[in-house]
Amino acid sequence: MPKLDDIVAEPAVALALDTIKIGKQALVFANTKRSAEKTAEEISKKISGIELKELSENVMHVLSKPTKQCERLAKCVKKGIAFHHAGLTHKQRELIEDNFRNGSIKIICCTPTLAFGLDLPAYRVVLKDMKRYGQRGYAWIPVLEAHQMFGRAGRPNYDQEGQAICMAATDSEKENIWERYILGKPEEIYSKLAVEPVLRTYLLSLIAADFVNTKKQIIDFFKKTFWAFQFGDIETLNAIIERMLELLEEWELIMSGEKDDFKDASKLNDESYRATRIGKRVAELYIDPLTAYFILTCLRNASSRKVNAFSFLQLISHTLEMRPLLRVRAKEHDKIQEALLKEDSFLLEEEPSMYEPEYEDFLNSIKTALTFNDWINEKDEDFLLEEYNIRPGELNVKLDLADWLLYAAEELTRMLQFQSLIKEILRLRLRLKYGVKEELLPLVRLENIGRARARKLYFNGIKDIADVKKADMMKLAQIIGRAIALNVKEQVGEEIKEIKPGKRKGQINLSDF
DNA sequence: GGACGGTGAAACTTCAGGTTGCCTC
DNA sequence: GAAGTTTCACCGTCC
């Protein structure tokens, strides 16, 4: 156990050690991922007598090749200490949460992830930093958020009490914290409809579902929302909705007035609206109408341009849904520019001028697209972390978004009847899903064959299903292991000639998997 | 005298998270 | 704002 003279440098570390000493658990909230990781490391360095070897191994090997993050986490976890943030893989998060609940892990150093939506109480909660860098610079964290963290303190049914401790560097800061977070009121809650992309998404949905059609109905509907109640000024609200309707019409997602091509034109007067065919689909896909318009414009451009995987990767990377994008760091600037030069003839949007304010965002979209591009060219998580500073967990979230947006793009392509592009997008979605070059696509269709095994097979001359069928069982087992080899042979409908003694064809034990 | 290495101060850079959305190729 | 990283000036050492 820690000696008193050890406890000087970092109070949060001291508090964590003290928690262990009294046989309890703690959550330590930090304001950055890096800080959470570092705090966990500092604490774990001072721990002796805890050795969670198996758990540490499990945490280490969730990916085919461990990243630096995996190594750091495994090292901490071995001592019963963990860090937890959005950069971890799903599996790692699960392992940490479960082992905190069962008491193996004593301390979790985390970012606010753990305060929201996750039921993970602890005897003691430590708020290491009360300020954080955000849109308004380095500022106090919201009261609501702090309370959310306080709320993790004390485990119902186990503890009689819980402790929430805020760290203050000075007396005046202490006063400030007391005033703000204990005596002060939480922030007002604002309607999400006040955010334009949300408003136009719902406006289109309401019209597409024929829930509202006339301008009066539309206005009446929004008048009854929390947004209008909060906004107060109905005149301005009308003007906002009016402008939004104009935009949706300009983007050809809705139409107003009498239209020849509309079946029930009699019901469509100057003040009423209907969704167009594409508008209906956009509403179903639930993407922001502006994103839909952007995708449609790019797809139309695509019909007269050279197209490759990067074209579509950049397209989806430059949407609101993909935000926040990977930021181009100062020292990367030249490298990204250089990469852009190689690919810019494949871009589907007009490149903004270097002097326009949106150029930075554009360059970020290039970096994001480059990350995806490296992923589908079989670069592993470790490489992507070093090269683009994207952690495995963050990569997964982005890949998921990418798939959804590509699906939306695919659907819009269908509606435009650009047949040749559909194939290209479909292939890209598969490549993105598995993180493989095109040549591995036939192999990853098999269950239990991901990017790593597919590459091994390909390297050994087994390049498609026919090759798998032909392949000698012994050879196959050497490459991907006996159990998987058996399973794969089954999948391609091949008779299994070599069977372990005592086991008949088709009798595969669950333990083989 | 020039190349090299070590050192420390100064300048520069970076910084949380997540909700649903779609269909199964 | 703070922590981590890079840059740079400065100095001593060695050949």
Side-chain angles (χ1 to χ4, degrees), chain A residues 9-10 12 29-39 41-42 83-88 90 93 109-118 127-142 144-146 148-149 167-170 173 176 192 195 197-198 201-202 204-205 208 280-289 291-292 295 316 319-324 326-333 388-391 393-394 396-398 400-414 422-434 441-442 444-445 447:
Chain A
E10 170 65 81
F29 287 98
N31 64 356
T32 64
K33 298 191 194 92
R34 194 157 63 182
S35 163
E37 292 179 12
K38 194 181 159 234
T39 312
E41 274 176 339
E42 300 265 302
F83 54 84
H84 187 291
H85 52 59
L88 304 191
H90 190 73
R93 285 212 223 182
C109 302
C110 55
T111 53
T113 1
L114 227 59
F116 294 93
L118 205 62
L127 278 65
K128 189 170 163 285
D129 312 283
M130 303 307 292
K131 287 185 173 180
R132 186 199 306 134
Y133 184 86
Q135 285 106 331
R136 280 185 232 93
Y138 197 72
W140 292 101
I141 60 172
L144 273 172
E145 204 179 301
Q148 194 72 34
M149 296 178 194
M167 310 298 304
T170 61
E173 200 181 324
N176 231 326
K192 280 260 190 270
V195 185
V198 178
T201 302
Y202 281 101
L204 178 61
S205 305
K280 270 209 159 76
R281 193 71 187 110
V282 168
E284 284 166 3
L285 292 167
Y286 217 82
I287 51 176
D288 175 9
T291 297
I295 293 178
I316 56 163
T319 59
L320 279 179
E321 282 84 349
M322 195 55 83
R323 286 184 188 179
L326 299 193
R327 284 198 27 232
V328 176
R329 299 162 162 211
K331 64 177 175 188
E332 294 178 319
H333 205 271
Y388 298 104
N389 197 31
I390 185 170
R391 296 168 163 90
E394 298 159 324
N396 275 333
V397 172
K398 292 279 181 252
D400 208 40
L401 280 169
D403 186 59
W404 166 45
L405 288 164
L406 278 175
Y407 172 74
E410 184 190 320
E411 288 297 291
L412 295 177
T413 311
R414 272 181 219 287
I422 295 178
K423 262 190 188 168
E424 187 83 35
I425 298 177
L426 264 170
R427 219 179 302 143
L428 182 55
R429 283 185 70 197
L430 275 173
R431 289 185 61 191
L432 217 47
K433 181 173 173 187
Y434 293 102
L441 284 181
V444 291
R445 298 187 107 91
E447 259 178 63

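Chain letters run A, B, ... following the sequence lines, proteins first and then strands; every chain starts at 1. For the numbers below, each heavy atom of this structure counts, side chains included, while hydrogens, waters and symmetry mates do not.
Place A/E284 and A/K192 on DNA chain B by their nearest nucleotides, and A/K192 ends up nearer the 5' end. The nearest heavy atom of DNA chain B to A/P324 and to A/K331 marks one nucleotide each, and the one closer to the 5' end goes with A/K331.
With sequence neighbours excluded, the residues satisfying salt bridge (charged side-chain N to carboxylate O under 4.0 Å, His left out) with A/R391 are A/E37. Applying the side chain to side chain donor-acceptor pair (under 3.5 Å) test to A/E41 and every residue at least two apart in sequence or in another chain returns A/R72. Applying the salt bridge (charged side-chain N to carboxylate O under 4.0 Å, His left out) test to A/E145 and every residue at least two apart in sequence or in another chain returns A/R132. In this structure A/E321 satisfies the side chain to side chain contact (heavy atoms under 4.5 Å, CB included) test together with A/I287, A/D288, A/T291, A/T319, A/W404, A/L405, sequence neighbours excluded. For A/D400, there are no side chain to side chain contact (heavy atoms under 4.5 Å, CB included) partners two or more places apart in sequence or in a different chain. Every residue meeting the side chain to side chain donor-acceptor pair (under 3.5 Å) condition with A/R427, not counting sequence neighbours, appears here in chain and number order: A/E438. Residues passing the side chain to side chain donor-acceptor pair (under 3.5 Å) test with A/R323 are A/D361, sequence neighbours excluded. With sequence neighbours excluded, the residues forming a side chain to side chain contact (heavy atoms under 4.5 Å, CB included) with A/L430 are A/Y434, A/L441, A/R445, listed by chain and number. Evaluation of the ring-ring contact (aromatic ring centres under 6.0 Å, His included) rule for A/H85 yields A/F83 as partners, not counting sequence neighbours.
In this structure, A/K33 and A/G87 approach most closely via the heavy-atom pair CE-N, 4.4 Å.
One finds no side-chain N or O of A/T113 lying less than 4.0 angstrom from the OP1 or OP2 phosphate oxygen of B/dA16. Residue A/R327 has a polar side-chain atom (N or O) positioned under 4.0 Å from OP1 or OP2 of B/dC15. Contact annotation: A/R414 does not reach the phosphate of B/dC25 (side-chain N/O to OP1 or OP2, under 4.0 Å). In this model, the phosphate group of B/dC15 is approached by a side-chain N or O of A/N389 to a distance below 4.0 Å at OP1 or OP2.
At its two ends the helix from B/dG1-C/dC15 to B/dC15-C/dG1 runs along axes set 20° apart, each axis drawn from five pairs and the angle rounded to 10°.
Going from atom OH of A/Y407 over to atom C1' of B/dC23 covers 5 Å, rounded to whole Å. Rounded to whole angstrom, the span from the NE2 atom of A/H84 across to the P atom of B/dG17 amounts to 10 Å. The interatomic distance linking A/I390 (CD1) with B/dT14 (C1') rounds to 16 Å, in whole Å. Look at CG on A/D403: it is 9 Å from C1' on B/dC22, rounded to the nearest Å. Between the CD1 atom of A/I422 and the P atom of B/dC23 there is a distance of 16 Å, rounded to whole Å. When the P atom of B/dT24 is taken as reference, atom OH of A/Y434 falls 15 Å away, rounded to whole Å. Rounded to an integer number of Å, the gap from CG of A/L428 to P of B/dC25 is 18 Å. We find that CG of A/L326 is positioned 13 Å from P of B/dT14, with the value rounded to whole Å.
A distance cut-off of 5.5 Å between ring centres, combined with a plane angle under 30°, places A/Y133 in a stacking arrangement with the base of B/dC15.
As judged by a 4.0 angstrom heavy-atom cut-off over every strand, A/R427 is placed among residues making no nucleic acid contact. Here A/I287 lies out of heavy-atom contact (under 4.0 Å) with every strand.
Contact annotation: the side chain of A/T413 never approaches that of A/E424 to less than 4.5 Å [non-hydrogen atoms, C-beta and beyond].
In terms of modelled atom types and a separation under 3.5 Å, the side chain of A/N31 and the main chain of A/D129 share no donor-acceptor contact.
Taking every heavy atom of residues 30-39 of chain A and every atom of DNA chain B, pairs under 4.0 Å involve A/N31, A/T32, A/K33, by number.
Bounding nucleotides for the chain A contact on DNA chain C, 5' to 3', at a heavy-atom distance below 4.0 Å, are C/dG1 to C/dT6.
A distance of about 26 Å separates the C1' atoms of B/dG18 and C/dG1, rounded to the whole Å.
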